[in-house]
There are 2 protein chains.
Amino acid sequence: MQDVARAAGVSPMTVSNVVNNRPHVREATRVKVLEAMDRLGYRVNIAARNLRAGRTQTIGLAVPEMDRPYFAELAARIVRHARAAGYRVVVEQTGALREEELDAIAWSRNSLYDGLILSTVALGPDDRDLLRVDFPVVILGERIFDAPVDHVAMPNTDGARAATAHLIGRGCRRIAMVTGPDLEGTNVASLRYAGYRDALRAAELPHDERLVVRLPRLDPASGAEAAARLARAEPGWDGVVAVTDTVALGVVRGVTDAGLRVPGDVRVVGFDNIEAGRFAVPSLTTVDPDNDWIAARAVGLLVGRIRGDATQGRPRDVVSPFGLIERESTGRGRGPAV
Amino acid sequence: MQDVARAAGVSPMTVSNVVNNRPHVREATRVKVLEAMDRLGYRVNIAARNLRAGRTQTIGLAVPEMDRPYFAELAARIVRHARAAGYRVVVEQTGALREEELDAIAWSRNSLYDGLILSTVALGPDDRDLLRVDFPVVILGERIFDAPVDHVAMPNTDGARAATAHLIGRGCRRIAMVTGPDLEGTNVASLRYAGYRDALRAAELPHDERLVVRLPRLDPASGAEAAARLARAEPGWDGVVAVTDTVALGVVRGVTDAGLRVPGDVRVVGFDNIEAGRFAVPSLTTVDPDNDWIAARAVGLLVGRIRGDATQGRPRDVVSPFGLIERESTGRGRGPAV
DNA sequence: GTGAAAGCGCTAACAC
DNA sequence: GTGTTAGCGCTTTCAC
């Protein structure tokens, strides 16, 4: 900038004014400066500007794995909403590791972002003290009760209850739940599992441990394996509630591999409403947690904290509305086109 | 840092030495400083460090849309390789807009990143002069010939040729190509289309314009529509080469909706080898462009430029090796499990 | 309408 | 082993 100023015969301050489109710069001066900038191939140094300004107009988004369709789609929505609010978004991957999720918070406070949206899967209530930071943070995903930060929660239990009830309404009586590893803590797997049990209880259906499959990883391969295991060991099963759509699509695959039909023999319902489920064969019935609502709300809360005082005001805890989207995977028994 | 220094009764320099784990700091001093840091809740200001250092140990990755599975999976791989090389990755979305792709370059030069991996879809040979920057950039995707930056290209034409030849080998004679809008420029759609035509020519099959569908957007919905249109207008078609797996999955859906079977009536082959294709029903035959090779190479080239001189050395132009992964969608006529 | 001075928080280079 | 000096590139403040 010094160089440009010298080349244009003005002060650095004037160059700064031109760069930032500030008024009160004479047209002739502006032109001179722009020419000099062009000639020297000048670019503002954002790092310096950030240092000076103390903010970056950038928000960080930390997700467990950005190649999981749910997070990829959510990230895209968050980018859209944040951009509308005048913020850039920077996406980072935590690998679903507790250490890295905490790291994301620590790093964010290092003045690179004005705030952080953290999609937790590995943090639990025990970590609530570590979230006691005076930096704008919004937690996405499960609720960590009493944590001093804003939360946007998914309707995990209610949604899973509705999904299970839907299967029961379709006539299923031996409904399996394919879920995550940890059913004790407060996490997506356990909360959705709770909804599943609620619905069974409400319908006075017995709970059968053998129908609960705990997957170490929530991916299609694991879902397919779960279906294979169920097909081998539980011949009478007629429905599956999968903890996520990604897992559900794997389950459908596994059911098919076992020589059974979806929904003819086994009905399958997922959770998340990812795009792939809409176009799968059969298309996937799913709980739609209103991801756009979630993205909008997360950005809204974070930007509010950034603009106001980070620590001021009690933490908000909101849950998105949900709907059940009925598609072929729980349909009237018509399987994939004969 | 000043505050910490004062609280610990040392100079800022010593604090800096402690923060950066530098040797030659007496243990007692180190402890004193760490205590002061803890007491004051001190965090390094990375913005300041970056300004001072002139580099950020961060590379930017600009993709058209991060919710397209291909890019999401590629981003995850790039993150992994970059981390192994000691760099953080920041992902941004360009929306597949020419302006935003150019913006990504412009922004990157603003000292936020040490280098940029740009996945282009909207830039063409005409933009080559705009890429003439003395900043480490690696272009991913189609080749922009003569551009003065490193390229990691996909085996677009060769892969599509192999995919088409595979269908021909399976007995298909009226093979449709479902591709992108622009078949004139140098882009994924046109290059893969060229491979399709090559294979038809080599097999002495006629080229039929009516079998070429140009989609405005490369998503499953468009793929499904394309299949519907083909089913309506071209009853004799027996194969589809889809420009991407995402489109191919939509095509499979559309074929099924039209009351036809995959692969019984129509065989479908995609391109990209995304995870969803492996678990789809039927599973998707696809061209595997070795995405891990691409990610590793892109990171490798970029880091090389960053560590060496950005402009030094002729631009490298590499093409990943590919393979054809044969799955059910082009199988022996056995459709989805009966 | 333009400029001079000062400082954001950090660290390389050198002095002690 | 620790401190001093200086400056990365920008912008806020206030003077002209």
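The sequence lines fix the lettering, A, B, ..., with proteins before strands; numbering per chain opens at 1.
V19(B) comes within contact range of no nucleotide atom at all, as no heavy-atom separation falls under 4.0 Å. As judged by a 4.0 angstrom heavy-atom cut-off over every strand, N17(B) is placed among residues making no nucleic acid contact. T29(A) comes within contact range of the sugar-phosphate backbone alone, with a heavy-atom separation under 4.0 Å but no base atom that close.
Taking for each of P12(B) and P12(A) the nucleotide of DNA chain D with the nearest heavy atom, the 5'-most of the two is the partner of P12(B). Positionally, the nearest nucleotide of DNA chain C for L51(B) lies more toward the 5' end than for the other of R22(B) and L51(B).
Distance check, rounded to the nearest 0.5 Å: CD1 of I59(B) to CG of D114(B) gives 9.0 Å.
Side-chain N/O atoms of R49(B) include one lying less than 4.0 angstrom from OP1 or OP2 on dT11(C). Between dC10(C) and R43(B), no contact under 4.0 Å exists linking OP1 or OP2 to a side-chain N or O. Phosphate contact (OP1/OP2 of dT2(D), side-chain N/O of S11(B), threshold under 4.0 Å): absent. For dT11(D), the OP1/OP2 oxygens have a side-chain nitrogen or oxygen of N20(A) closer than 4.0 Å.
What separates CD of Q2(A) from P of dG9(D) is a distance of 9 Å, to the nearest Å. Between the CZ atom of R52(A) and the P atom of dG7(C) there is a distance of 10 Å, given to the nearest Å. Atom-to-atom, CZ of R30(B) to C1' of dT2(D) comes out at 13 Å; the value is rounded to the nearest Å. Rounded to an integer number of Å, the gap from H24(A) NE2 to dG3(C) C1' is 16 Å. Going from atom CG of N50(A) over to atom P of dC8(C) covers 16 Å, rounded to whole Å. Per the geometry, CE belonging to M13(A) stands 17 Å off P belonging to dG9(D), to the nearest Å. The separation between R55(B) atom CZ and dG9(D) atom C1' is 17 Å, rounded to whole Å. As rounded to whole Å, 15 Å separates atom P of dG1(C) from atom NZ of K32(A).
Counting only heavy atoms from C-beta on, T14(B) has its side chain closest to dG3(D) among dC10(D), dG3(D), dC8(D). Side chain of R26(A), nearest nucleotide from dC10(C), dG1(C), dC10(D): dG1(C). Listed nucleotides dA12(C), dC10(D), dG3(C) differ in distance to V10(A); the shortest reach to its side chain belongs to dG3(C).
Of the options R305(A), R316(A), R297(A), R314(A), a salt bridge (Lys or Arg N to Asp or Glu O under 4.0 Å) to D150(A) is made by R305(A) and by none of the others.
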Donor-acceptor pairs under 3.5 Å, side chain of residues 38-49 of chain A to any protein atom, not counting sequence neighbours: which ones?
residue, atom, partner, partner atom, Å
N45(A), OD1, A47(A), N, 2.8
N45(A), OD1, A48(A), N, 2.9
N45(A), ND2, S111(B), OG, 3.3
R49(A), NH2, N20(A), OD1, 3.2

TODO: Carefully, step by step, assess S16(B) and R22(B) under the rule side-chain hydrogen bond (donor to acceptor under 3.5 Å, both in side chains).
DONE: CA-CA 9 Å; S16(B) 173; R22(B) 271 189 272 262; 3.2 Å; yes

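With respect to the salt-bridge test (charged N to carboxylate O, under 4.0 angstrom), the residues R98(B) and E101(B) do not qualify.
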